[in-house]
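These values consider heavy atoms only, across backbone and side chains, with no hydrogens, waters or symmetry-generated copies. Here, residue 1 is the first one in the sequence, and each next residue gets the next number. These figures come from a predicted structure and were not determined experimentally.
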Amino acid sequence: MPSAAIGPENAIEISGLRFGYGSHGDILAIRELNVRASQRVFVHGPSGCGKSTLLAMIGGVLAPRAGAVSILGQSLSGMASAARDRVRADHIGFIFQQFNLVPYLSVVENVSLPCRYSLRRLRRAVKADGSLEESAARLLSALGIGEALRSRKSTELSVGQQQRVAAARALIGRPELVIADEPTSSLDADRRREFIDLLLCECGRAGSTVVFVSHDASLAPHFDIAVDLQLINAAAPHSDAA
């Protein structure tokens with residue numbers, strides 16, 4: 001388990017976390033989980049151990065019933081949902097398993113979307129690359145999406161291309177934390193390795209902390225550390241969460 005003393009060097013700090021829906025039992029029960037800034041963490045475990053639920057807690061989508069979750073020195077546990085939404089928009093890039101691209105937007109428009117909701121990320125994109133459009137173009141190029149594809153709708157792309165667009169969208173504006181939920185599940189082994197290498201390279205350029213979730217433990221060597229969620233989640237044996 002990644003663990004360090006509580007302090008500003010940690011991007012994620014979790015202690016005494018318990019979460020469940022309604023009156024049902026806990027889905028997550030984690031005593032402690034700390035992740036250092038810029039660390040690349042691989043979280044794995046079988047279906048039912050709470051991987052996606054953990055990401056939702058880290059991203060502020062869900063609030064714990066007990067315990068504390070802090071992101072980049074900000075405690076999410078006592079925040080109203082609107083405040084958690086602002087932290088997520090400003091500081092966190094998400095890559096979803098199903099990518100969640102907006103079908104009627106072009107590739108560049110999809111990538112630029114987070115900066116439409118966060119002035120902080122817009123400013124960081126402009127500072128890094130001169131303009132929002134140039135930042136989107138640089139990320140797409142780095143991830144293997146050529147200029148000919150950038151004006152197309154996302155529905156016109158292959159699965160692998162959509163995945164790379166989703167990664168560029170998560171990385172735009174250099175968020176301090178990037179969360180990836182099973183983003184390589186639809187790819188073969190060679191394409192999985194290629195995508196992870198590209199993703200981690202871009203996260204390294206931005207200094208982003210990465211939390212990457214998968215059920216495939218063979219991907220662990222790409223990361224600084226691996227966490228078996230089933231081992232640290234006391235509720236896992238009794239959970240039916242995804």
Side-chain angles (χ1 to χ4, degrees), residues 51-53 55-62 71 81-187 191-192 194-196 198-203 205-206 208-214 242:
K51 299 187 299 296
S52 294
T53 303
L55 294 189
M57 303 295 292
I58 292 172
V61 177
L62 298 173
I71 303 298
S81 59
R84 296 199 308 271
D85 291 346
R86 175 47 52 199
V87 170
R88 184 167 59 254
D90 285 344
H91 302 286
I92 302 175
F94 272 92
I95 308 174
F96 301 94
Q97 183 174 2
Q98 301 302 324
F99 311 143
N100 289 7
L101 300 177
V102 181
Y104 55 83
L105 295 182
S106 71
V107 165
V108 168
E109 289 168 338
N110 264 289
V111 172
S112 304
L113 197 59
C115 295
R116 308 298 183 189
Y117 296 97
S118 171
L119 182 59
R120 176 185 174 86
R121 287 177 69 172
L122 174 60
R123 287 171 173 167
R124 288 166 70 93
V126 171
K127 182 178 181 179
D129 298 297
S131 70
L132 178 57
E133 292 73 19
E134 285 298 318
S135 191
R138 182 189 63 78
L139 284 167
L140 287 166
S141 179
L143 289 164
I145 299 296
E147 187 173 356
L149 296 175
R150 295 173 193 169
S151 61
R152 294 188 183 181
K153 300 293 189 288
S154 60
T155 51
E156 299 175 25
L157 304 182
S158 70
V159 170
Q161 290 166 342
Q162 289 183 43
Q163 178 198 55
R164 293 176 185 221
V165 173
R169 182 183 60 186
L171 292 165
I172 194 81
R174 299 191 169 213
E176 294 93 328
L177 176 59
V178 174
I179 294 175
D181 188 4
E182 299 268 12
T184 60
S185 60
S186 61
L187 301 182
R191 289 186 178 274
R192 278 199 299 271
E194 182 183 19
F195 173 76
I196 290 172
L198 289 169
L199 173 66
L200 294 182
C201 178
E202 285 303 308
C203 287
R205 285 170 57 97
S208 303
T209 304
V210 181
V211 179
F212 188 106
V213 158
S214 176

Item checked: Full working for side-chain contact (heavy atoms from CB on, under 4.5 Å) between Ile196 and Leu198 -> CA-CA 5 Å; Ile196 290 172; Leu198 289 169; over 6 Å; no
For the residue pair [X] and [Y], what are the closest heavy atoms and their distance?
X: Ser131; Y: Glu134; value: OG-N, 3.0 Å
X: Val108; Y: Ala136; value: CG1-CB, 4.4 Å
X: Arg84; Y: Val61; value: NH2-O, 4.1 Å
X: Cys203; Y: Leu171; value: SG-CD2, 3.5 Å
X: Leu62; Y: Met57; value: CB-SD, 3.6 Å

Next item on the list: Walk me through it: do Leu199 and Ile95 pass the test side-chain contact (heavy atoms from CB on, under 4.5 Å)?
Entry: CA-CA 11 Å; Leu199 173 66; Ile95 308 174; 3.8 Å; yes
If you round to the nearest 0.5 Å, how far is [atom2] of [Y] from [atom1] of [X]?
X: Leu149; Y: Ser154; atom1: CG; atom2: OG; answer: 12.0 Å
X: Asn110; Y: Leu105; atom1: CG; atom2: CG; answer: 5.0 Å
X: Ser135; Y: Lys127; atom1: OG; atom2: NZ; answer: 13.0 Å
X: Gln163; Y: Arg192; atom1: CD; atom2: CZ; answer: 10.5 Å
X: Tyr117; Y: Ser112; atom1: OH; atom2: OG; answer: 12.0 Å
X: Ser106; Y: Lys153; atom1: OG; atom2: NZ; answer: 6.5 Å

So do [Y] and [X] actually touch side chain to side chain, heavy atoms under 4.5 Å?
X: Ile92; Y: Ile58; answer: no
X: Leu177; Y: Ile179; answer: yes
X: Phe212; Y: Leu200; answer: no

Notebook entry, point to check: Tell me, which pairs form a salt bridge (charged side-chain N to carboxylate O under 4.0 Å, His left out) where one or both residues lie in residues 87-97, sequence neighbours left out?
Noted result: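 Applying salt bridge (charged side-chain N to carboxylate O under 4.0 Å, His left out) to every pair that reaches into residues 87-97, excluding sequence neighbours, yields Asp85-Arg88, Arg86-Asp90.
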Checklist line | Residue pairs passing the salt bridge (charged side-chain N to carboxylate O under 4.0 Å, His left out) test where at least one lies in residues 161-183, sequence neighbours excluded | finding: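 Of all non-adjacent pairs touching residues 161-183, those that pass salt bridge (charged side-chain N to carboxylate O under 4.0 Å, His left out) are Arg120-Glu176, Arg164-Glu194.
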Kindly write out the residues that satisfy salt bridge (Lys or Arg N to Asp or Glu O under 4.0 Å) with [X], not counting sequence neighbours, or none if the list is empty.
X: Arg116; result: none
X: Glu156; result: none
X: Arg121; result: none

With no hydrogens and no angle check, is any side-chain donor or acceptor of [X] less than 3.5 Å from a backbone partner on [Y]?
X: Gln162; Y: Val159; value: no
X: Ser118; Y: Pro114; value: no
X: Ser208; Y: Pro175; value: yes

Next item on the list: Begin from the C-alpha positions of Val178 and Thr209 and carry the test side-chain contact (heavy atoms from CB on, under 4.5 Å) through to its verdict.
Entry: CA-CA 6 Å; Val178 174; Thr209 304; over 6 Å; no
Note to self: Test: ring-ring contact (aromatic ring centres under 6.0 Å, His included). Region: residues 87-108. Which pairs qualify, not counting sequence neighbours?
What the structure shows: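 Applying ring-ring contact (aromatic ring centres under 6.0 Å, His included) to every pair that reaches into residues 87-108, excluding sequence neighbours, yields Phe94-Phe96.
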Item checked: Carboxylate-amine/guanidinium proximity below 4.0 Å for Arg205 and Glu202 ->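 Between Glu202 and Arg205 there is a salt bridge, with a charged N closer than 4.0 Å to a carboxylate O.
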Note to self: Walk me through whether Arg138 and Ser141 qualify under side-chain contact (heavy atoms from CB on, under 4.5 Å).
What the structure shows: CA-CA 5 Å; Arg138 182 189 63 78; Ser141 179; 5.8 Å; no
